[in-house]
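Heavy atoms only: backbone and side chains are in, while hydrogens, waters and symmetry mates are out. Proteins come first, then strands; the chains are lettered A, B, ... in the order of their sequence lines, and each starts at number 1.
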Amino acid sequence: MQLLNEQEIERRKDREALLNLGIDPYPALSFPINATAADIHQNYNNRKNDYKGITIAGRLMTRRIMGSASFAEIQDSTGRLQIYVRRDDLCPDEDKTLYNKVFKKLLGIGDFIGLKGFIFTTQTGEISLHVQEFTLLSKSVKPLPVVKRDDEGNVFDGFTDPELRYRQRYVDLIVNPEVKETFVTRSKIISTMRNYFDDHGWMEVETPILQQVHGGAAAKPFETHHNALDTPLFLRIANELYLKRLIVGGFEGVYEIGKMFRNEGMDRTHNPEFTSMEIYVAYKDYIWMMEMVEDLIAKIANRVLGTTKAKVGDNVIEFEGPYKRLSMFESIQEYTGIDVSQMNEKELRALCSEMGIEVDDSMGKGKLIDEIFGEKVEEHLIQPTYITDYPIEMTPLAKKHRSKPGLVERFELFVNGKEIANAYTELNDPIDQRERFEDQLKLAQRGDDEAMAMDEDFLRALEYGMPPTSGLGIGIDRLCMMLTDQSTIQEVLFFPQMKPEKKVKIASDEDFIELGINPGLIPAIRELNIHTIEQLKGLNPNKLFNDVCGKKKKLKLDVPNPSKEEVSNWINA
RNA sequence: GAUUCUGUAGCUCAGCUGGUAGAGCAUAACACUUUUAAUGUUAGGGUCCUGGGUUCGAACCCCAGCGGGAUCACCA
């Protein structure tokens, strides 16, 4: 049972009226088209003769009816096209129903129609379709928000409420073309990346999303349960350890683009499920990876923006490499003037409190350095910058630095103050790896809930031998935000996670009848805005009795008044 | 999780000091055969998020809850 507003009732009536005229509002048919809105706008002026006998389909978005002629706009996946409809073209004979009734009255904004006609240019210079035939393809029975734009692109009645836009993304996509554009760009970013990898001979793979050990990163997982195996399973927080197993298995380049799941907070840069790309290439190191990433990102920017310069917020970012490289210690030195490279844990802790950075006892040396970096450096890294050579404590899966003791071969790429990529020369010494996991265990015992879990099977794989390998992870959503100049992750996810909508179960007539209510009284009950059984149950019987009798009289319902006792019985039933 | 702002017609929003709920678009009716934010005339449309409280009287003030946004904290 659904409560309908005036416009929804009106549209349902139109649907009935169409059926009565013998027009199926939802015909089962295919409607072949030979043109799109974008094609017509681009090419009509140069190839005018080719644009006769056009068939095109789309959603009716605006109408300007002027008596026996009308202008309207349809929208297909490529954009909008104005159509020109004349009564005497559609209805050459006496019977003008098709235009006067069907087109003008029974169609509405949001309906899908198929059209046949020829393209022409109006007096005001707008390329338009002169309609010779139209077919209703699908009737819309819910009113669409109508967004108006003038010639300068000013928006007049925007559909802007973020809650509605995210919950009803389909509506957002229909009425806000720039939203659709963002997602087209997102798709291009991913396909460009995929093509780049494939062209290099690296193979796309799929690894388990349901994992028994949630390794490869430090985060709280979503937990579920497999009934047949009677075992707990986790939605993956990372896929790194599986991809490395494939390198052990003999593939020399593997990548995966897919969803990760983390049971943590949500904000404008975090969604519980997000898309990451991870790639592992054998016989490479992180120096090589930096060059690859520069090349990749510049190619993506070129493909989606047509340039390597991108406007991001108030900044213009140049994505053409080579990017600046700074070691983590150098970056802290550069932005604070302090050399932390020789400090021990105690000195670092003192420095943090001096800088007003909150610390707690669970934090080891690496974590403390990371805190300083996050607080003092990150925001300054606007142009693409590689931060390299991280403290070993915070990076249990990366190989020890070839020349700098206490550090690992790792870089993160920062753009506009945000991290968008993370890469290592991968740790492939199984003995070292086991020790690192054990160190993580110790951190966990100190209370660090982000410490990584031991994965015995992964260690077994490493023991068989993994070639030197470099690995990279890119946060796809963040990259998309960057390249589409969006400041919230929700704008680059079709369906961002939201709290569930409150569902109210509207009582049907049968539900009311079941309580012993005379069907003739139901209109009075609804008129009192009583729509759910719970609502009814919560009412005072005397008040309800008075209200129902009063409404019954007002609505002139031809049924007897209920007795007070009957009304009490409804409530107590 | 904390702070703060916010919830009024299908959509976007007004609503004064607490005194019968308003506009534009959309919808409906009439007019109009090259309009384009079409236009003109007219009409209908409301659980003012929910529940309590204060008051003669609450969209408005107070309390609680629910949804959403922003900022902060954690994480990518």
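- A search for side chain to side chain donor-acceptor pair (under 3.5 Å) contacts involving A:R167 returns A:E163, not counting sequence neighbours.
- In a base pair of the Watson-Crick type (N1 to N3 plus N6-O4 or O6-N4) or a G-U wobble (N1-O2 and O6-N3), with each distance short of 3.5 Å, B:U20 is matched with no nucleotide.
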- Would you mind building the protein contact string for nucleotides 38-46 of chain B? One character per nucleotide, 5' to 3', B for base within reach (heavy atoms under 4.0 Å), S for sugar-phosphate only, - for untouched. B-----BS-

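- In this structure, A:R167 reaches the B:G68 phosphate: one of its side-chain N or O atoms is under 4.0 Å from OP1 or OP2.
- Between A:I420 atom CD1 and B:A76 atom C1' the separation is 12 Å, expressed in whole Å.
- Between the CG atom of A:N100 and the P atom of B:A28 there is a distance of 15 Å, rounded to whole Å.
- Sorted by first and then second residue, the ring pair (Phe, Tyr, Trp, His ring centres under 6.0 Å) pairs with a member in residues 89-111 of chain A read A:Y99-A:F103, A:F103-A:F134; sequence neighbours excluded.
- Going from the C1' atom of B:G15 to that of B:A59 covers 8 Å, rounded to whole Å.
- With sequence neighbours excluded, the residues satisfying salt bridge (Lys or Arg N to Asp or Glu O under 4.0 Å) with A:E178 are A:R149.
- Close to B:A29, at under 4.0 Å from its OP1 or OP2, lies a side-chain N or O of A:K105.
- With sequence neighbours excluded, the residues satisfying side-chain contact (heavy atoms from CB on, under 4.5 Å) with A:L4 are A:Q2, A:E8, A:I9, A:R12.
- Proximity of A:R268 to the phosphate of B:U71: a side-chain N or O atom is located under 4.0 Å from OP1 or OP2.
- In this structure, a donor-acceptor pair under 3.5 Å is present between the side chains of A:E491 and A:Y166.
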- Item | Intermediate values then yes/no, side-chain hydrogen bond (donor to acceptor under 3.5 Å, both in side chains), A:D389 and A:Y286 | CA-CA 10 Å; A:D389 303 343; A:Y286 79 140; 2.6 Å; yes

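- At a cut-off of 3.5 angstrom, the base of B:U12 holds no donor-acceptor pair with the side chain of A:T160.
- Side chain to side chain, A:T207 and A:R236 meet the donor-acceptor criterion of an N or O pair below 3.5 Å.
- The base of B:C74 lies close enough to the side chain of A:D267 for a donor and an acceptor atom to sit less than 3.5 Å apart.
- Heavy-atom contacts from other residues, nucleotides or ligands closer than 6.0 Å to NZ of A:K101 number 12 or fewer.
- Applying the salt bridge (Lys or Arg N to Asp or Glu O under 4.0 Å) rule to A:R87 yields no partners; only residues at least two apart in sequence or on another chain are considered.
- Residues meeting the side chain to side chain donor-acceptor pair (under 3.5 Å) test with A:T78, sequence neighbours left out: A:D76.
- Near-neighbour residues of RNA chain B inside residues 489-498 of chain A, defined by a heavy atom below 4.0 Å, number-ordered: A:Q490, A:M498.
- Nucleic acid contact class of A:F159 (heavy atoms, under 4.0 Å, all strands): sugar-phosphate only.
- The side chain of A:F71 lies closest to B:U34 when the candidates are B:G69, B:U34, B:A26.
- In this structure, B:U34 forms no base pair with any nucleotide, since neither Watson-Crick nor G-U wobble geometry is met with both distances under 3.5 Å.
- Within 3.5 Å, no donor on the side chain of A:E126 pairs with an acceptor on the base of B:U35, nor the reverse.
- Side-chain nitrogen and oxygen atoms of A:S68 include at least one within less than 4.0 Å of the OP1 or OP2 phosphate oxygen of B:U33.
- Of the residues in residues 384-391 of chain A, not one places a heavy atom less than 4.0 Å from an atom of RNA chain B.
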Quiz: residues 472-483 of chain A side-chain donor-acceptor pairs under 3.5 angstrom, not counting sequence neighbours:
from: A:D477; atom 1: OD1; to: A:R186; atom 2: NH1; distance (Å): 2.8
from: A:D477; atom 1: OD1; to: A:R186; atom 2: NH2; distance (Å): 3.0
from: A:D477; atom 1: OD2; to: A:T275; atom 2: N; distance (Å): 2.8
from: A:R478; atom 1: NE; to: A:T269; atom 2: O; distance (Å): 3.3
from: A:R478; atom 1: NH2; to: A:T269; atom 2: O; distance (Å): 3.0
from: A:R478; atom 1: NH2; to: A:H270; atom 2: NE2; distance (Å): 3.4

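- Across the protein-nucleic acid pair, A:K13 atom NZ and B:A29 atom P stand 10 Å apart, rounded to whole Å.
- Nucleotide B:A64 forms a Watson-Crick or G-U wobble pair with B:U50, both donor-acceptor distances falling under 3.5 Å.
- For B:A76, there is no paired nucleotide, since no Watson-Crick or G-U wobble pair has both relevant distances below 3.5 Å.
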- Message: Base contacts versus sugar-phosphate-only contacts with protein, heavy atoms under 4.0 Å: please encode nucleotides 3-8 of chain B as B, S and - from 5' to 3'.
- Response: ------

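- Place A:A72 and A:L144 on RNA chain B by their nearest nucleotides, and A:L144 ends up nearer the 5' end.
- For an aromatic pair to be called close, the ring centres must be under 6.0 Å apart, and A:F373 with A:F414 satisfies this.
- Under the side chain to side chain donor-acceptor pair (under 3.5 Å) criterion, A:T388 pairs with no residue at all, not counting sequence neighbours.
- One can place CD of A:E419 at 15 Å from P of B:C74, the figure rounded to the nearest angstrom.
- The partner of B:A2 is B:U71, judged by Watson-Crick or G-U wobble contacts that both fall below 3.5 Å.
- Residues A:S128 and A:L164 each lie close to RNA chain B; by heavy-atom proximity, the contact nearer the 5' end of the strand is made by A:L164.
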